[in-house]
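Contents: one structure, followed by commentary.
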Amino acid sequence: MEFTELIKRRESIRSYDPARPVPEDGLKRILEAGRIALSAANRQPWKFLLVSSPGMLERVRACYGREWFHDAPHVLVVVGLKDQAWKRSFDGYNSVETDAAIAMTHIILAAENEGVGACWIANYDPEILREALKDILSTEDNQVIFGITPLGYPRQEFRKSGIKKRKEFSEVVGYL
């Protein structure tokens, strides 16, 4: 798909068909988009945890109460690795959140390109999610759960709204 069309078509999906898991090759292409994302000083301070097993899905789903989230056959957790991120020498700014946001954006756009729904979620209970993933996450101080997204095909009856409410170009762009 042409890139401009892709970004215009992408919407947060809140309707998933639990009976249609995404094939492994599609998931790999989506994750590869995150893996090759740019990052400050090419540090790549992230881990992508794809949750697909029923037991782990049940544990992760407890962190977010929306019914549609519980229908997704996969949940991706993006973890930022603070100690591996670039730090600005002038003020100590740590690029982990910026880098993770770039990777998450690549992942979500790649999902759209595959026909797979995604919805960037930050409104989850971090303690419940951290507890669900404690066996995987070894050092809490270093690893920050940056965001989660369900991944799955929309239900057959789902239709995108096609509505993008955005500020006018002149409101957000300035020429100096």
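On a predicted model such as this, the values are computed, not experimentally measured, just so you know.
- Counting non-hydrogen atoms of other residues, nucleotides and ligands closer than 6.0 Å to CD of E2 gives a total above 12.
- Using a distance-only test at 3.5 Å, with no hydrogens or angles considered, a donor-acceptor pair links the side chain of S95 to the main chain of W86.
- With hydrogens and angles ignored, the 3.5 Å screen pairs a side-chain donor or acceptor of H74 with a backbone N or O of V22.
- Aromatic ring pairs are classed by plane angle as parallel below 30°, tilted from 30° to 60° and perpendicular above 60°; the pair W46 and F48 is parallel.
- Within a 6.0 Å sphere centred on CD of E32, other residues, nucleotides and ligands contribute more than 12 heavy atoms.
- Between the CD1 atom in I102 and the OG1 atom in T98 there is a gap of 6.5 Å [rounded to 0.5 Å].
- One hydrophobic cluster, built from ILVMFWY side chains closer than 4.5 Å, cannot hold both L133 and L76; they sit in different ones.
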For a side chain to side chain contact (heavy atoms under 4.5 Å, CB included) check, start with the C-alpha distance between V96 and V144, then their side-chain angles and the critical distance, and finish with the verdict. CA-CA 9 Å; V96 71; V144 179; 5.5 Å; no

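- Across all non-hydrogen atoms, the minimal contact from P150 to A72 is CB-CB, 3.4 Å.
- V116 and M104 fall within a single hydrophobic cluster, where Ile, Leu, Val, Met, Phe, Trp and Tyr are joined by side-chain heavy atoms under 4.5 Å apart, directly or via other members.
- In this view, D17 satisfies the salt bridge (charged side-chain N to carboxylate O under 4.0 Å, His left out) rule with no residue, not counting sequence neighbours.
- Atom CH2 in W120 sits 12.5 Å away from atom CD1 in I148 (nearest 0.5 Å).
- For S39 (side chain) and R43 (main-chain N/O), a donor-acceptor pair under 3.5 Å exists by modelled atom type.
- At distances below 3.5 Å, not a single donor-acceptor pair connects side-chain atoms of Y93 with backbone N or O atoms of F90.
- No donor-acceptor pair closer than 3.5 Å links the side chain of D99 to the backbone N or O of A85.
- I36 contributes atom CD1, which lies 11.5 Å from atom CG of L31 (distance to the nearest 0.5 angstrom).
- Y153 and S15 are not linked by any side-chain donor-acceptor pair at a separation below 3.5 angstrom, with hydrogens and angles left out of the test.
- A search for side chain to side chain contact (heavy atoms under 4.5 Å, CB included) contacts involving H70 returns R61, not counting sequence neighbours.
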All N/O donor-acceptor pairs, side-chain side in residues 167-176, below 3.5 Å, sequence neighbours left out:
unit_1, atom_1, unit_2, atom_2, d
E171, OE2, E168, N, 3.1

Run E127 and R130 through salt bridge (Lys or Arg N to Asp or Glu O under 4.0 Å) and show every step you take. CA-CA 5 Å; E127 292 304 316; R130 196 173 293 116; 2.7 Å; yes

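- To the nearest 0.5 Å, the span separating CZ on R155 from CZ on R159 amounts to 13.5 Å.
- Counting heavy-atom neighbours within 6.0 Å of K47 NZ, excluding the residue itself, gives a total of 12 or less.
- In this structure, W68 is a member of the same hydrophobic cluster as V77, with clusters built from ILVMFWY side-chain heavy atoms closer than 4.5 Å.
- Linking Ile, Leu, Val, Met, Phe, Trp and Tyr residues whenever their side-chain heavy atoms come within less than 4.5 Å places L50 and F146 in a single cluster.
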For E5 and K8: C-alpha separation, side-chain torsions, deciding distance, then whether salt bridge (Lys or Arg N to Asp or Glu O under 4.0 Å) applies. CA-CA 5 Å; E5 183 61 29; K8 285 181 178 179; 5.9 Å; no

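- Counting heavy-atom neighbours within 6.0 Å of E67 CD, excluding the residue itself, gives a total of 12 or less.
- To the nearest 0.5 Å, atom CD1 of residue I128 and atom CZ of residue R59 are 12.5 Å apart.
- Ring centroids of F69 and Y64 are separated by less than 6.0 Å, placing the two rings close together.
- Looking at every heavy atom in both residues, A118 comes nearest to T149 through CB-OG1, 3.3 Å.
- Annotation: E97, atom CD; neighbour count of heavy atoms from other residues, nucleotides and ligands within 6.0 Å does not exceed 12.
- By the side chain to side chain donor-acceptor pair (under 3.5 Å) test, N42 pairs with Q44, sequence neighbours left out.
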Please test K160 against I13 for side chain to side chain contact (heavy atoms under 4.5 Å, CB included), starting from the C-alpha separation and ending with a verdict. CA-CA 8 Å; K160 289 184 175 184; I13 304 302; 4.0 Å; yes

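- Residue V75 is grouped with residue I121 when hydrophobic side chains (ILVMFWY) are merged at heavy-atom distances under 4.5 angstrom, including chains of intermediate members.
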Yes or no on side chain to side chain contact (heavy atoms under 4.5 Å, CB included) for L81 and V79, after CA distance, side-chain angles and deciding distance? CA-CA 7 Å; L81 308 172; V79 178; 4.3 Å; yes

Apply side chain to side chain contact (heavy atoms under 4.5 Å, CB included) to residues Q143 and K82 and explain how you reach the verdict. CA-CA 6 Å; Q143 298 182 341; K82 291 190 307 187; over 6 Å; no

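- A distance of 12.5 Å separates CG of N113 from CD1 of I7, quoted to the nearest 0.5 Å.
- Listed here is the closest heavy atom pair of G152 and P73: CA-CD, 3.9 Å.
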Let's go through K28 and D25 carefully: what are the C-alpha distance in whole Å and the side-chain angles of both, what is the deciding distance for salt bridge (Lys or Arg N to Asp or Glu O under 4.0 Å) to 0.1 Å, and is it a yes or a no? CA-CA 5 Å; K28 282 185 178 179; D25 60 333; over 6 Å; no

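- Judged as a side chain to side chain donor-acceptor pair (under 3.5 Å), and not counting sequence neighbours, the contacts of R9 are E112.
- By the salt bridge (charged side-chain N to carboxylate O under 4.0 Å, His left out) test, R10 pairs with no residue at all, sequence neighbours left out.
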